[in-house]
Amino acid sequence: QVQLVEIGGGLVQAGGSLGLSCTASGRTFSVITMSWFRQTPGKEREFVAAISWSGADIYYTDSVKGRFTCSRDNARNTMFLQMNNLKPEDTAVYYCAASRDNSISYTPDGYFYWGLGTQVTVSS
């Protein structure tokens, strides 16, 4: 099994920055593509960013392009999300997800492993 743990959420004012990390433990050799999703109450879980195992391929949802940067350090089994120029609409619980193959999915059903999430709140 694989466990994913997100840290780094919190409260920040609009225009501020936060950094999230997601560390995998357990059978980490099975962690290939990693992604960030976010969810607000009453809404479906929304794709934010995805990164291939090598880090060469990174994808973002349009609303965060130019503001968020996704990266990973495979030696530390950790993925990062640097969030700059945050907006109130970025407020959500942010989840780390990982798949067991090279495919990039923009929907939650493409991922086998999930973290418990970390709250990000952006005040106006």
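If you read the sequence from its start, that first residue is 1, and numbering goes on from there.
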Can you confirm whether [X] sits close enough to [Y] that some side-chain heavy atom of one is under 4.5 Å from a side-chain heavy atom of the other?
X: Tyr113; Y: Ser30; value: yes
X: Leu18; Y: Val120; value: yes
X: Thr33; Y: Tyr111; value: yes
X: Thr91; Y: Gln119; value: yes

Let me check something: any side-chain donor-acceptor pairs from residues 81-89 under 3.5 Å, sequence neighbours excluded? List them with distances.
from	atom 1	to	atom 2	distance (Å)
Gln82	NE2	Asn84	OD1	3.0
Asn84	OD1	Ser17	OG	2.9

To the nearest 0.5 angstrom, please state how far the [atom1] atom of [X] sits from the [atom2] atom of [Y].
X: Asp73; Y: Phe80; atom1: CG; atom2: CZ; answer: 5.5 Å
X: Tyr60; Y: Arg67; atom1: OH; atom2: CZ; answer: 12.0 Å
X: Glu44; Y: Gln39; atom1: CD; atom2: CD; answer: 8.5 Å

Please find the pair of heavy atoms, one from [X] and one from [Y], that lie closest to each other, and give the distance.
X: Ala14; Y: Ser124; value: CB-CA, 4.4 Å
X: Ala50; Y: Ile104; value: CB-CG2, 4.0 Å
X: Ser52; Y: Arg72; value: O-NH1, 3.0 Å

Task: Mutual orientation of the aromatic rings belonging to Tyr95 and Trp114 [parallel < 30°, tilted 30-60°, perpendicular > 60°] - done: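 It falls in the perpendicular class, over 60°.
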Report whether [X] and [Y] are members of the same hydrophobic cluster (ILVMFWY, side-chain heavy atoms less than 4.5 Å apart, transitive linking).
X: Val122; Y: Phe37; value: no
X: Ile51; Y: Val64; value: yes
X: Phe112; Y: Met34; value: yes
X: Val31; Y: Ile58; value: yes
X: Val48; Y: Val93; value: no

Task: Leu11, CG atom: more than 12 neighbouring heavy atoms under 6.0 Å - done: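 Count over threshold, so yes.
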Open item on the list: So that I know where these two stand, are Phe47 and Tyr59 an aromatic pair - ring centroids less than 6.0 Å apart?
Closed with: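 No: the rings miss the under 6.0 Å criterion.
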- [ ] Look only at the side chain of Glu6 and the backbone of Thr118, and say whether a donor-acceptor pair between them is shorter than 3.5 Å.
- [x]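 No, the answer is negative, given that no donor and acceptor are paired below the 3.5 Å cut-off.
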Task: Donor-acceptor contact below 3.5 Å, side chain Asn74 vs main chain Trp53 - done: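 It does hold such a pair.
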Task: Residue list, side chain to side chain donor-acceptor pair (under 3.5 Å) with Asn77, at least two apart or on another chain - done: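 If we apply the side chain to side chain donor-acceptor pair (under 3.5 Å) test to Asn77, skipping adjacent residues, there are no hits.
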Under 3.5 Å donor-acceptor pairs involving side-chain atoms of residues 19-29, not counting sequence neighbours:
from	atom 1	to	atom 2	distance (Å)
Thr23	OG1	Thr78	OG1	3.0
Ser25	OG	Gln3	OE1	3.3

